[in-house]
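Side chains are part of it too, since the values below use all heavy atoms of this structure and drop only hydrogens, waters and symmetry mates.
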Amino acid sequence: MLRKRLLSGALVLALCSAQTTCAVLNVKAVELPLSNASKKLSATECNIAWIDEIEIIDATPFHDGIAKVRSWDAEADDYVYYYVNAEGKPALPPAMSLDRETLDPVIEEWSSFGHASDFSCGLAVVGYDNTYYIIDVSGEPIELFGPAASEVSDEADWDNLAGIYLFNGVQVTTSGVIIGMMADYQGYITVNCSGELLLRDDDFEDCFPSSASEEIWPDENGMILVSSNNSGRPMDGLLDLASGELVVPLIYESIEPFSEGYARVYLNGKCGYINTAGELVIPCKYGVLSQQVSEGVVWLQEETGEIDGIPGAGEMRCVDLNLVPVSPTTYDEALPFSDGLSAVSNRQGDGLIAGAIDHTGALVIPMEYENIGQCVDGLSPVKKNGKWGYINKENQVVIDFEFDYCQKFQDGLAWVKKDSVWGILEHPDAMDAQEWASAEIQEAKDLSLTTFRTSRQFSRNITRVQFTELLVNLVEQVTGKAENAKNVFPFSDTADLYVRKAYALGIVQGTGDDNCFSPNEVLTREQASAMLYRTIERLQAMTGKTVLGPTEDLSRYNDHAQVSPWALEAVSSLTGADIIGGTSDTTLSPKDTTTVEQAILLTLRAYQLF
């Protein structure tokens, strides 16, 4: 049994007497690109969190504020996995690891696992050998299968199911569906993030869920990857979670997750594409290097010498979804479009020459590099003269060629490697707040009011889960104690710890009748107001201090009728308390989005009231 974790440190109550009179949210959201960096930076001029406490072999991009890294355990003679945060520190509190042979808990600064998945929907799967555990970002084991297990048939030995501890395979998907495979392969169970039973053994008939697949299923289309060995070899199909019916028959050798409504499928070793209705829209006749659909186009590799009559000789050509070529030029290799560019390369001797094209097919990054990655937030990792660096879309060097290896950016962060040490690089523009907000953002940081998911990319629109994390952190900073949400799982699409805490506090609600929270939806001004209002009400009750006074008459704003009825009290109360203001003297703009920096200033104002 896993031992309960302790908090890594006491929360400290920070006090601030400074008051400011200007209203927050009185500046319209401005979406600034992250590609303005033009000055060439050296590695020492960049903000890099180097990790030298553990020896990293490779690392995955950040998910839910946490990244997974792989290392080597010489004593066990096997790979081990760790979780790190953006500062390069252990992401899980020190208290628990598992002894590989006994599975007994071992206290370590860096908790290591023999198996570890990326975090998804606030959960990750860890374990050793064939015993898997679901944890959240606190490192606590989460029990989601127990209640649902009592509903399934007795054909599998579910009575011996002790929570989640007897599974041979567990997978947490990007849409919040958890697939568990019973010990000794006795059966399957599928639940959502609230523990609700979705599918059980009887629903699968002649197929089984591919919980061992490295691909993440299902996606937003609500389909789960299933397989069958009835034909003598594994064949894949797609099962609709809502109806339990096969949407895509068990005829493909492999099916990959959907991208922009299309999924790659393989038949007789050839690649084709299906739509979400399961219809084959691009026939299975292309090579294995064919890429997923991205930004409305797709790279296809024809192994027989042509693509629909256009000579290709095994090379790759970019076409639209009607198979019309985007460019007459072909390449040996190509990556899906990202940020308006597609990385392309040709073989040259024992190496590559690489560049990038735009959507017209024009070669906007010349073929002068030895390798190139996908462009994200305006920067592409490139290799030249044996070293890696970053260039912008104008082919200007932004971060000099000093690294042994670089990855693309994600959420303003990228993994880099230099002199055998791995580090976490922050995008040069990720920390740039707008001038009007920078001083107060620094004040909020000093008061520990910002969180990982809100500590960079300040000009971007904030999501529901980001703002929720800010508000829960606000409550914990004001009260000086951590909220407990161990057994709270209200939403079907996320088990994020901060969302669960916020629900327990009465701060957040769902977004519809399907028990969803929609964590990645962008937050509107009125939604932010409603969530903040509930947070302040909760803090008033917890502290015994009243900070909200009379509501304000909103009729002086020309668009006051656009405020939704459920947000009216919140908007008028916060406006009356001078916590929020209009986007002008005559407009509220309740349906406009809210930026990260605006949300941080909202929490700072609320903190100052207590």
Side-chain angles (χ1 to χ4, degrees), residues 7 11 64-66 119-123 135-140 142 144 176 192-195 444 447-455 461-512 514-543 547-548 566-567 569-571 573-574 579-580 594 596 598-607 609-610:
L7 285 175
L11 292 171
D64 289 354
I66 295 176
F119 270 84
S120 180
C121 300
L123 301 175
I135 62 172
D136 61 17
V137 294
S138 72
E140 291 280 4
I142 303 300
L144 285 173
N192 60 26
C193 278
S194 62
L447 293 168
S448 300
L449 295 177
T450 59
T451 63
F452 168 79
R453 284 182 281 201
T454 58
S455 62
N461 293 326
I462 197 166
T463 63
R464 286 171 54 81
V465 70
Q466 286 178 307
F467 194 49
T468 299
E469 186 177 61
L470 272 178
L471 295 179
V472 171
N473 182 61
L474 169 65
V475 172
E476 293 182 340
Q477 293 297 328
V478 170
T479 62
K481 69 173 187 176
E483 293 299 319
N484 185 356
K486 180 175 176 59
N487 296 313
V488 178
F489 297 96
F491 300 113
S492 63
D493 59 344
T494 184
D496 184 273
L497 180 60
Y498 288 93
V499 173
R500 289 156 46 206
K501 287 183 176 184
Y503 181 84
L505 287 165
I507 294 174
V508 299
Q509 301 170 351
T511 55
D514 53 358
N515 203 34
C516 289
F517 180 73
S518 306
N520 297 318
E521 279 190 4
V522 172
L523 200 68
T524 65
R525 286 165 51 85
E526 65 177 3
Q527 289 173 336
S529 298
M531 292 169 66
L532 180 61
Y533 177 67
R534 289 193 290 266
T535 302
I536 293 176
E537 282 196 313
R538 180 63 173 168
L539 280 173
Q540 288 183 147
M542 296 173 77
T543 63
V547 300
L548 293 177
W566 51 263
E569 181 180 358
V571 174
S573 294
L574 296 181
I579 297 175
I580 67 170
T594 303
V596 172
Q598 290 172 339
I600 291 173
L601 267 60
L602 279 174
T603 59
L604 176 62
R605 296 290 188 275
Y607 178 84
L609 294 175
F610 291 94

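Within the 3.5 Å criterion, the main-chain N or O of Gly122 finds no donor-acceptor partner in the side chain of Asp136. Side-chain N or O atoms of Asn473 include one that pairs as donor or acceptor with a backbone N or O of Ser448 at under 3.5 Å. A donor-acceptor contact shorter than 3.5 Å is absent between the side chain of Arg538 and the backbone of Ile507.
For the side-chain contact (heavy atoms from CB on, under 4.5 Å) test with Leu539, the passing option among Val475, Leu609, Leu505, Val547 is Val475; the others fail.
Taken to the nearest 0.5 Å, the CG atom of Leu474 stands 12.5 Å off from the CD1 atom of Ile600. Note: Thr524 OG1 to Asn461 CG = 11.0 Å, rounded to the nearest 0.5 Å. Distance OG/Ser529 to CD/Glu569: 12.5 Å, rounded to 0.5 Å. Thr468 contributes atom OG1, which lies 8.5 Å from atom CD1 of Ile462 (distance to the nearest 0.5 angstrom).
Phe610 has its side chain within reach of Ile536: a pair of non-hydrogen atoms, C-beta onward, lies under 4.5 Å apart. Contact of the Met531 side chain with the Leu523 side chain is registered, since non-hydrogen atoms from C-beta on lie closer than 4.5 Å. Side-chain contact between Phe491 and Val508 is present, with at least one heavy-atom pair separated by less than 4.5 Å. Leu602 places a side-chain heavy atom less than 4.5 Å from the side chain of Phe467. Within the 4.5 Å cutoff, the side chain of Glu483 has heavy atoms near those of the Lys481 side chain. Trp566 is listed as a side-chain neighbour of Gln527, based on a closest heavy-atom distance under 4.5 Å. Residues Leu532 and Arg605 fail the side-chain proximity criterion, which asks for heavy atoms closer than 4.5 Å. Contact annotation: the side chain of Thr603 approaches that of Leu471 to within less than 4.5 Å [non-hydrogen atoms, C-beta and beyond].
For Phe452, the CZ atom is densely surrounded, since the number of other residues' heavy atoms within 6.0 Å is greater than 12.
Between Pro519 and Thr494, the shortest heavy-atom contact is CG-CB, 4.1 Å. Shown here for Pro490 and Arg500, the closest heavy-atom pair between the two residues is CD-CG, 4.1 Å. Considering every non-hydrogen atom in both Arg534 and Gly506, the closest pair reads CD-O, 3.5 Å. What you find for Gln540 and Leu548 is that their closest heavy atoms are OE1-N, 3.0 Å. Of all the heavy atoms in Gln466 and Arg453, the pair that sits closest is NE2-O, 2.7 Å. Looking at every heavy atom in both residues, Cys516 comes nearest to Ser492 through SG-OG, 3.6 Å.
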Working note: Gln477 + Leu447, criterion side chain to side chain contact (heavy atoms under 4.5 Å, CB included); need CA distance, chi angles, decisive distance, verdict. CA-CA 9 Å; Gln477 293 297 328; Leu447 293 168; over 6 Å; no
Applying side chain to side chain contact (heavy atoms under 4.5 Å, CB included) to Arg525 and Ile580, what does each step give before you reach the verdict?
CA-CA 10 Å; Arg525 286 165 51 85; Ile580 67 170; 5.9 Å; no
